[in-house]
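Okay, so here's the structure we're looking at.
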Amino acid sequence: MAALRAAGAVLLRPGRGAEAAARLGYHKKVVDHYENPRNVGSLDRNAKNVGTGLVGAPACGDVMKLQVEVDENGRIMDARFKTFGCGSAIASSSLATEWVKGKTVDEALKIKNTDIAKELCLPPVKLHCSMLAEDAIKAALADYKLKQDSNKEVTEKKANNA
């Protein structure tokens, strides 16, 4: 498994060309998101309007951190990711951040791994990458909601004590 990952990583290095990646079965959309990832980076995890999701797949070693920044109306203004994994995992993260931007929290929760896999033309052996992306979205939004609930509790306690 590690040898396959190393071979895939070498062939998916930027500048190696989409033809080499295509011969290995990577679709051009995966190669595009791998070579030109969107929204790489981090947001302030301590900000009350930022949710952070950290998920991993022990079977393959992929780890994905996805963060969302939500405005006061519940709309996702920004999204960032950092992923350690194969080209398909990086592409799934990149696409997920593009898709959640501009959506409400409820709309973003409707994004399914099957939609990500279909858009990237992932083969069955790489479906776990799209599952990680869906899990990361859900984890980030759960973290955001938890922060909002704790903010409400603090506000309510202050109001009751006044």
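Tyr144 and Ile137 fall within a single hydrophobic cluster, where Ile, Leu, Val, Met, Phe, Trp and Tyr side chains are chained together by heavy-atom contacts under 4.5 Å. A single hydrophobic cluster is not seen to contain both Leu54 and Val68; linkage of ILVMFWY side chains at heavy-atom distances under 4.5 Å, directly or through other members, places them apart. Follow the hydrophobic side-chain contacts under 4.5 Å out from Ile116 and you never reach Val55; the two are in separate clusters. Connection of Met77 to Val70 is not established within any shared hydrophobic cluster, with ILVMFWY side chains joined at heavy-atom distances below 4.5 Å, either directly or through further cluster members.
Rounded to the nearest 0.5 Å, atoms NZ (Lys101) and OG1 (Thr97) are 6.5 Å apart. Rounding to the nearest 0.5 Å gives a distance of 5.5 Å between CG of Leu95 and CD of Glu119. Here the straight-line distance linking atom CG of Leu122 with atom NE2 of His128 works out to 9.5 Å at 0.5 Å rounding. The distance from atom CG of Asn49 to atom CG of Leu43, rounded to the nearest 0.5 Å, is 9.0 Å. Expressed to the nearest 0.5 Å, how far CD1 of Ile76 lies from CH2 of Trp99 amounts to 14.0 Å. In this structure, the separation between CG on Leu66 and CG on Asp143 is 11.5 Å, given to the nearest 0.5 Å.
Dense packing is recorded around NZ of Lys29, with more than 12 heavy atoms of other residues, nucleotides or ligands lying under 6.0 Å away. More than 12 heavy atoms of other residues, nucleotides or ligands sit less than 6.0 Å from atom NZ of Lys112.
Taking every heavy atom of both residues into account, Leu141 and Ala108 meet most closely at CD1-CB, 3.8 Å. Of all heavy-atom pairs between Ser93 and Thr83, the closest is OG-OG1, 2.6 Å. Residues Met64 and Cys129 share a closest heavy-atom pair of CE-O, 4.0 Å. Nearest heavy atoms, Val100 versus Ala79: CG2-CB, 3.6 Å. The minimum heavy-atom distance between Ser94 and Phe81, with the atom names listed, is CA-CE2, 3.6 Å.
In this structure, a donor-acceptor pair under 3.5 Å is absent between the side chains of Ser92 and Lys126.
Between Lys103 and Ile111, the closest side-chain pair of non-hydrogen atoms falls below 4.5 Å. Here the side chains of Leu120 and Ser88 are not in contact, with every heavy-atom distance at 4.5 Å or above.
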Would Arg80 and Ser42 count as a side-chain contact (heavy atoms from CB on, under 4.5 Å) if you check the C-alpha gap in whole Å, the side-chain angles of each, and the deciding distance to 0.1 Å?
CA-CA 6 Å; Arg80 301 281 173 199; Ser42 294; 5.7 Å; no
Check the pair His33, Glu98 against side-chain contact (heavy atoms from CB on, under 4.5 Å), reporting the backbone distance first and the verdict last.
CA-CA 11 Å; His33 276 277; Glu98 282 194 316; 3.3 Å; yes
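Between the side chain of Gln148 and the backbone N or O of Lys145 there is no donor-acceptor pair closer than 3.5 Å. Within the 3.5 Å criterion, the main-chain N or O of Arg75 finds no donor-acceptor partner in the side chain of Asn73.
Between Asp149 and Lys147 there is no salt bridge, since none of the side-chain N atoms of the basic residue sits less than 4.0 Å from a carboxylate O of the acidic one.
Partners of Asp32 under the side chain to side chain donor-acceptor pair (under 3.5 Å) rule, at least two apart in sequence or in another chain, are Asn36, Arg38.
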